[in-house]
Enquirer: 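Sharing a structure, written as structure tokens. Questions coming.
Counting starts at 1 for both ligands and their atoms, in listed order. Residue numbers count from 1 along this sequence.
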Amino acid sequence: MIACFVTGTDTGVGKTLSSCALLHALARHHRRVVGMKPVASGAEPDGQGGWANEDSLALRAASTLVVPPQLDNPVLLPDPVSPHIAAERAGATVQLAPILQAYQQLAAQADAVVVEGAGGWQVPLSPRLRIADLAVALQLPVVLVVGLRLGCINHALLTAEAIRASGLPLAGWIASRVDPQMREPEANLAYLRQHLGAPLLADLPWQAQPDARAVPVQLPTAWQ
Ligand SMILES: Nc1ncnc2c1ncn2[C@@H]1O[C@H](COP(=O)(O)OP(=O)(O)OP(=O)(O)O)[C@@H](O)[C@H]1O
Ligand SMILES: C[C@H](N)[C@H](N)CCCCCC(=O)O
Ligand SMILES: [Mg+2]
């Protein structure tokens, strides 16, 4: 079973697009691939009388394995704010155990699982729990999505350092060109390639209509 945890330099940097691109790439090598959004804040009508998070809907569309929503999105909070605030407003506390159980059930059915975090590495899920704690509890190699814009070098280096300090391997990183006006994108990319100490798995071009299927992804050999 192949699995990874996708984090980012921030919220809104392209983690969902990157996770979908990873799922499509994995599906070229493996039959049963599935995305997981363990904690989602923000819900919209799912078109079937219920509610769903837009990241979950995108991950499901990129997955080949269909699972019940309690497995691929065990915690769905209505408000699109930091998960610890969304949970408080919903009168809930995010707990690790049910998320780990859901992941184990997914992993038992799948050849590959891509787990998308929420926001960046230190985002709180509850007063006592952060995204980093969840990734550590899952013991997954991490893929870091860097939203290429001014300031991303600092955010990327700090995040990579924190991931390694947590004891998890940084399996690779993805450049996500979220700012078409960015100056010197290639020089920024070159610096990150030299200093992140992990392979660049994909370079997502800026797209007016982002299409995860159209992006070339270089999967680590062990994932092929
Ligand atoms: N390469 C790109 N080109 C153009 N737009 C992009 C690109 N990558 C991401 N976007 C857009 O930026 C926005 C944020 O991207 P996305 O939802 O993937 O972020 P995220 O990191 O998953 O955020 P969250 O923390 O909410 O999960 C979306 O509207 C997405 O379509
Ligand atoms: C609602 C949003 N789309 C994300 N899922 C949550 C982002 C939390 C960011 C918290 C923070 O770092 O300040
Ligand atoms: Mg997302």
Enquirer: As a test of the contact definition, would atom 4 (C) of ligand 1 count as having a protein heavy-atom neighbour under 4.0 Å?
Expert: yes
Enquirer: Quick check: do Val75 and Leu125 have side-chain heavy atoms less than 4.5 Å from each other?
Expert: no
Enquirer: Main chain of Val13, side chain of Ser176: is a donor-acceptor contact present, judged purely on distance under 3.5 Å?
Expert: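 Looks like yes, one N/O pair under 3.5 Å.
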Enquirer: Identify the heavy atoms of Trp223 and Ala3 that sit nearest to each other, and give their distance.
Expert: CZ2-O, 4.4 Å
Enquirer: Taking the minimum heavy-atom distance to atom 13 (C) of ligand 1, which of Gly8, Ser18, Ser176, Gly12 ranks first?
Expert: Gly12
Enquirer: Do me a favour and list the nearest non-hydrogen protein atom to atom 8 (C) of ligand 2 with residue, atom name and distance?
Expert: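 Protein heavy atom at minimum distance: Ser82 CA, 3.8 Å.
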Enquirer: Does the protein put a heavy atom less than 4.0 Å from atom 13 (O) of ligand 2?
Expert: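 Neighbour list for atom 13 (O) of ligand 2 is empty of protein heavy atoms (cut-off 4.0 Å).
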Enquirer: Considering heavy atoms of the protein only, find what lies nearest to atom 1 (N) of ligand 1 and give residue, atom and distance to 0.1 Å.
Expert: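 Result: Pro205 O, 3.0 Å.
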Enquirer: Backbone N or O of Leu129 within a donor-acceptor pair of the Ser126 side chain at under 3.5 Å?
Expert: yes
Enquirer: So, does Asp133 use its side chain to make a donor-acceptor pair with the main chain of Ala135 at under 3.5 Å?
Expert: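 Not at all, since once roles are kept as given, no pair shorter than 3.5 Å links the two residues.
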Enquirer: Of the listed options (Gly12, Ala40, Ser41), which comes nearest to atom 6 (C) of ligand 2 when hydrogens are ignored and any heavy atom counts?
Expert: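 The option holding the nearest heavy atom is Ser41.
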Enquirer: Identify the closest protein heavy atom to atom 15 (O) of ligand 1: which residue and atom is it, and at what distance?
Expert: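 Heavy-atom neighbour on the protein nearest atom 15 (O) of ligand 1: Gly14 N, 3.6 Å.
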Enquirer: Run the numbers for me: atoms of ligand 1, each under 4.0 Å from some heavy atom of Gly119, listed by number.
Expert: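 Once the distances to Gly119 are compared, the set is 25 (O).
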Enquirer: So does Ala190 get a backbone contact from the side chain of Glu186, meaning a donor-acceptor N/O pair under 3.5 Å?
Expert: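 Not at all, since once roles are kept as given, no pair shorter than 3.5 Å links the two residues.
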Enquirer: I want to check something: taking the side chain as every heavy atom from C-beta on, are Ser18 and Leu204 in contact at a cut-off of under 4.5 Å?
Expert: yes
Enquirer: Hey, which atoms in ligand 2 end up nearer than 4.0 Å to a heavy atom of Thr11?
Expert: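 Matching atoms, with element in brackets: 2 (C), 3 (N), 4 (C), 7 (C).
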Enquirer: Would you say the side chain of Trp173 lies within less than 4.5 Å of the side chain of Val143, judging by non-hydrogen atoms?
Expert: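 Answer no - side chains too far apart.
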Enquirer: Salt bridge check, Arg60 against Glu116: does any charged N sit closer than 4.0 Å to a carboxylate O?
Expert: no
Enquirer: Taking Leu106's backbone N and O only, do any of them form a donor-acceptor pair with Gln109's side chain (distance below 3.5 Å, no angle check)?
Expert: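 No; zero donor-acceptor contacts below 3.5 Å.
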Enquirer: Treating Thr9 as the side-chain partner and Cys152 as the backbone partner, does any N or O pair qualify as donor plus acceptor under 3.5 Å?
Expert: no
Enquirer: Starting from atom 7 (C) of ligand 1, what is the nearest protein heavy atom, named by residue and atom, and what distance separates them?
Expert: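 I find the closest protein heavy atom is Leu17 CD2, 3.7 Å.
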Enquirer: Among all the protein's heavy atoms, is there at least one whose distance to atom 11 (C) of ligand 1 comes out below 4.0 Å?
Expert: no
Enquirer: What atoms of ligand 1 come closer than 4.0 angstrom to any heavy atom of Glu116?
Expert: 22 (O), 27 (O)
Enquirer: Quick one: look at Val145 and ligand 1, take heavy-atom pairs under 4.0 Å, and tell me if it's side chain, backbone, both or neither.
Expert: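 Near ligand 1, Val145 shows nothing, with every heavy atom at 4.0 Å or more.
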Enquirer: Tell me whether Val13 has any N or O atom under 3.5 angstrom from an N or O of ligand 1.
Expert: yes
Enquirer: Mark up the atoms of ligand 2 that fall under 4.0 Å of a heavy atom belonging to Val123, in ascending order.
Expert: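 In order of numbering, the contacting atoms are 9 (C), 10 (C), 12 (O).
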Enquirer: Report yes or no: does Gly120 have a heavy atom closer than 4.0 Å to ligand 2?
Expert: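 The answer is no: ligand 2 sits nowhere under 4.0 Å from a heavy atom of Gly120.
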Enquirer: Are there any protein N/O/S atoms under 2.8 Å from the Mg ion (ligand 3), and if so, which?
Expert: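 Metal shell, protein only: Thr16 OG1, Asp55 OD2, Glu116 OE2.
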Enquirer: Can you name the closest pair of heavy atoms from Leu59 and Ser19 and give their distance?
Expert: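 Smallest interatomic distance, heavy atoms only, reads CD2-CB, 3.6 Å.
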Enquirer: Could you see which bit of Lys37 sits under 4.0 Å from ligand 1, with heavy atoms only: side chain, backbone, both or neither?
Expert: side chain
Enquirer: Atom 30 (C) of ligand 1: which protein heavy atom is closest, and how many Å away?
Expert: Pro210 CG, 4.6 Å
Enquirer: May I ask you to test the Val114-Val6 pair for a side-chain heavy-atom distance under 4.5 Å?
Expert: yes
Enquirer: Between Asp79 (side chain) and Val81 (backbone), is there a donor-acceptor pair under 3.5 Å?
Expert: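 No, because the side chain of Asp79 does not come within donor-acceptor range (under 3.5 Å) of the backbone of Val81.
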Enquirer: Is the backbone N or O of Tyr191 less than 3.5 Å from a side-chain atom of His195, with the two atoms forming a donor-acceptor pair by type?
Expert: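 Checked: pair present.
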Enquirer: Look at atom 20 (P) of ligand 1 and say which protein heavy atom is nearest, naming residue and atom and giving the distance to 0.1 Å.
Expert: Lys15 N, 3.4 Å
Enquirer: Quick one: does ligand 2 sit under 4.0 Å from the side chain of Val81, the backbone, both or neither, non-hydrogen atoms only?
Expert: backbone
Enquirer: Side chain of Asp111, backbone of Arg32: donor and acceptor closer than 3.5 Å?
Expert: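 Pair found, side chain donor or acceptor close to backbone of Arg32.
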Enquirer: Short N/O distance, under 3.5 Å, between Val178 and ligand 1?
Expert: no
Enquirer: What distance do Thr159 atom OG1 and Leu196 atom CG have between them, rounded to the nearest 0.5 Å?
Expert: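 CG of Leu196 is found 9.0 Å from OG1 of Thr159.
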Enquirer: Would you confirm whether Ser56, through its side chain, and Ala52, through its main-chain N or O, come within 3.5 Å as a donor-acceptor pair?
Expert: no
Enquirer: Can you find a protein heavy atom closer to atom 28 (C) of ligand 1 than 4.0 Å?
Expert: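 It does not: no protein heavy atom is found less than 4.0 Å away from atom 28 (C) of ligand 1.
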Enquirer: Less than 4.0 Å is my threshold; does some heavy atom of Pro80 fall inside it relative to ligand 2?
Expert: yes
Enquirer: Among all the protein's non-hydrogen atoms, which is closest to atom 26 (O) of ligand 1, and how far away is it?
Expert: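 Looking only at protein heavy atoms, the one closest to atom 26 (O) of ligand 1 is Thr11 OG1, 3.3 Å.
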